[in-house]
Amino acid sequence: MSENKSRLQTLFEQGEFVVTGEIGPPKSASGAGIREHAKHLSGYCDATNLTDNQTAIVRLSSIASGVHVLQAGGEPIVQMTCRDRNRIAIQSDLLGAYSLGIKNLLCLSGDHQSFGNHPTSANVFDVDSLQLIRMVKRMRDEKVFACGEEIKKDEPRFFIGAVANPFADPFEVRVYRMEKKINAGAQFFQTQIIFDLERFDRFMELARERGLHERSYIMAGVMPVKSAKVAGYMKKFVSGMAVPDDMIERLKKAEDQQAEAVEICVEQIKYLKNVKGVKGVHIMAVGWEEIVPTIVEKAGLLPRPQVPGLAQVAG
Amino acid sequence: MIVAEQKPFEEIAKMVEIFDKVLILGCNECVTVCLSGGEKEVGVLATSLRLYRKQGDRPITTVEETLVRQCEWEYLDEIEKLVEDVDCIISMACGVGVQFVAERFPDKWVIPALDTKCAGGAVEHGLWEERCGMCGECILHKTGGVCPVARCSKRILNGPCGGSQNGKCEVKDVDCIWDQIYKRMMALGRMDQLMEIELEKDWSKARDGGPRKMSREEVMIGE
Ligand code: SF4
Ligand code: SF4
């Protein structure tokens, strides 16, 4: 085993069905909550995403959050968007993140700033997510900066992730774009939250036709939706998310909506685990992190695997 | 063309509150076409200002003039006399015109009456849309003649992002331009071209590289 490889990459290569979680950094300068969440998820998730100013709201930086996860003994997946930094700042932050022990990077465009708490800010997008992926890969494999200048020593060697949204339009384009991301250097994917299993099946079918499941590790994104009210809200206001009516109905009818939410999420995970080409599940429960262990347990995903040579930690 | 929109009247009135005689200067090019700074708008603004100031007990004298173009010295020369005896000039041209006026008449206070929006055109009567971000290196041949630099909310060159839904952008009330680019490229049988990764753009050719210039030596008149 290469000492450079992240725990996440190692697990994929061992053929494990990987479980990742997500922590939304706070709107404050304390990492205590992040460390607490990371400890809480330990033993249930193999790695944890740290979002990068999600929905364009200023939060503790994803890289610093990743360091808090490391300090709590966990395995961070740091998210990096193209919204707020130009190529100079991105590369500088990548050097910094790697120097601090972060090995997994998830590259994405980022929500437009008009959604967040600083809608009047400038919109950077010097590079897009595809160019970002390619840039990170070239830094690692060709040892060059984006400008072509050589990185003389200690290049950052990230395990490169990307996102895929099977529920955005146009539908066919979603698979092409995933392929384009793989060509650019993406090694693993986390999908947008899946509610519409049928559409996801069709998406995976197209992905398999193009052999994408053999060229990357695809993780299916899920989310326990706490109540019918939350589900209704998401259907209405969250872009790129297909929330089916029968799920909202099912939650509405349930005596204990939270228990039902867990039940639905567990059913989804069990289903997704059997979809050919799905190599793991990414559980997004921001704001309800404490439910993750229950879901992982009920979905039959315990115990989490060990990585030889690495202490049994997670986060 | 340059698309511009008139500032709220109160703002213009506030900017000239200390002056008693103003020249309201229109432009006969783009801003006439987009109905924001042509001869007609000059007349309306002049009348409104006079009325407003009369009500406020500090009457104002307005001089009206509309030039062929404000962004060319030779037309500005025509108003030298008019400029002499006014306190300030309200330019109803785009930002380029306003600056040419200020540069040509360094002793005069110049006020912009418009907010310059974009390079675009009228897609229907009364509706103007942005089309070009003036990036300095056109890539329309790669995107089926549809510009992602100016028209994608994130100026993504390898789109569409995950926010595209039913032809709409994740940003409210905006069409997803990548949806249109894909449909066009597919219809033209050029999908393979979109599978190629478009590399990082050279923004030094855009405004990011500092103010830009263009020169044509063969038409320069030597001293
Ligand atoms: S690619 Fe550049 S020059 Fe061409 S239309 Fe778009 S912004 Fe204008
Ligand atoms: S939804 Fe379309 S137009 Fe909007 S940012 Fe994404 S790719 Fe650009």
Side-chain angles (χ1 to χ4, degrees), chain A residues 55-56 81-83 86-87 90 108-115 119 123-135 137-138 146-148 162-185 191-193 210 221 237-242, chain B residues 130 133 135-136 139 142-144 146-187 190-209:
Chain A
T55 60
T81 69
C82 305
R83 180 192 54 229
N86 67 7
R87 64 192 83 171
I90 289 178
L108 57 173
S109 312
D111 301 309
H112 193 264
Q113 76 277 359
S114 60
F115 291 101
N123 157 291
V124 179
F125 294 106
D126 174 20
V127 295
D128 65 21
S129 59
L130 259 128
Q131 294 160 347
L132 170 60
I133 292 165
R134 184 173 168 273
M135 192 160 91
K137 181 182 162 62
R138 289 178 72 225
C147 61
V163 293
N165 185 357
F167 308 102
D169 294 319
F171 181 67
E172 334 71 69
V173 165
R174 294 299 139 192
V175 181
Y176 296 146
R177 197 162 138 85
M178 191 174 183
E179 183 166 348
K180 223 172 144 174
K181 286 184 177 179
I182 295 173
N183 295 342
T191 74
Q192 173 64 289
I193 298 162
R210 299 181 82 90
F237 297 110
V238 184
S239 66
M241 210 173 284
Chain B
E130 180 158 22
C135 74
I139 57 162
K142 296 178 177 175
T143 53
V146 184
C147 176
V149 177
R151 299 172 70 190
C152 164
S153 302
K154 300 176 189 167
R155 65 179 188 185
I156 287 173
L157 300 183
N158 297 277
C161 77
S164 179
Q165 203 100 68
N166 291 319
K168 286 284 172 193
C169 172
E170 67 178 43
V171 177
K172 245 172 79 200
D173 299 329
V174 174
D175 289 330
C176 173
I177 212 60
W178 270 103
D179 188 272
Q180 293 181 25
I181 293 173
Y182 260 100
K183 288 189 177 139
R184 216 175 128 70
M185 293 294 266
M186 259 191 254
R190 303 298 284 272
M191 257 313 291
D192 50 323
Q193 205 173 323
L194 281 191
M195 284 308 286
E196 277 164 35
I197 300 166
E198 176 66 18
L199 301 184
E200 293 96 319
K201 197 162 173 54
D202 178 357
W203 295 113
S204 73
K205 297 195 162 102
R207 219 281 316 153
D208 308 72

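This structure is a prediction, so every number in the text was calculated from the model and none was measured. Letters A, B, ... are given to chains in the order of the sequence lines, protein chains preceding strands, and every chain is numbered from 1.
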Determine whether [X] and [Y] make a side-chain contact, defined as any pair of heavy atoms from C-beta on separated by less than 4.5 Å.
{"X": "A:H112", "Y": "B:K154", "value": "yes"}
{"X": "A:R87", "Y": "B:W203", "value": "yes"}
{"X": "B:E200", "Y": "A:R134", "value": "yes"}
{"X": "B:M186", "Y": "A:V173", "value": "yes"}
{"X": "A:Q113", "Y": "B:S153", "value": "no"}

Does atom CZ of A:R210 have more than 12 heavy-atom neighbours from other groups under 6.0 Å away?
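It does: A:R210 CZ has more than 12 such atoms within range.
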Side chain, backbone, both or neither of [X] within contact of chain B (heavy atoms, under 4.5 Å):
{"X": "A:R83", "answer": "neither"}
{"X": "A:V163", "answer": "neither"}
{"X": "A:N86", "answer": "neither"}
{"X": "A:D169", "answer": "both"}

So, for [X] and [Y], which heavy atoms are closest and what is the spacing to 0.1 Å?
{"X": "A:V124", "Y": "B:R155", "result": "O-NH2, 2.9 Å"}
{"X": "A:G110", "Y": "B:E170", "result": "O-OE2, 4.3 Å"}
{"X": "A:S109", "Y": "B:C161", "result": "OG-CB, 3.9 Å"}

Between [atom1] of [X] and [atom2] of [Y], what distance do you get to the nearest 0.5 Å?
{"X": "B:E198", "Y": "A:D128", "atom1": "CD", "atom2": "CG", "result": "9.0 Å"}
{"X": "B:N158", "Y": "A:K181", "atom1": "CG", "atom2": "NZ", "result": "10.0 Å"}
{"X": "B:Y182", "Y": "A:R177", "atom1": "OH", "atom2": "CZ", "result": "7.5 Å"}

Donor-acceptor pair, distance only, cut-off 3.5 Å: does the side chain of A:K180 make one with the backbone of B:L194?
yes
Heavy-atom pair count under 4.5 Å with chain A, highest-scoring of B:N166, B:D179, B:D208, B:L199:
B:L199
Heavy-atom pairs under 4.5 Å with chain B, option from A:D126, A:L132, A:V127 with the top count:
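Option with the greatest count: A:D126.
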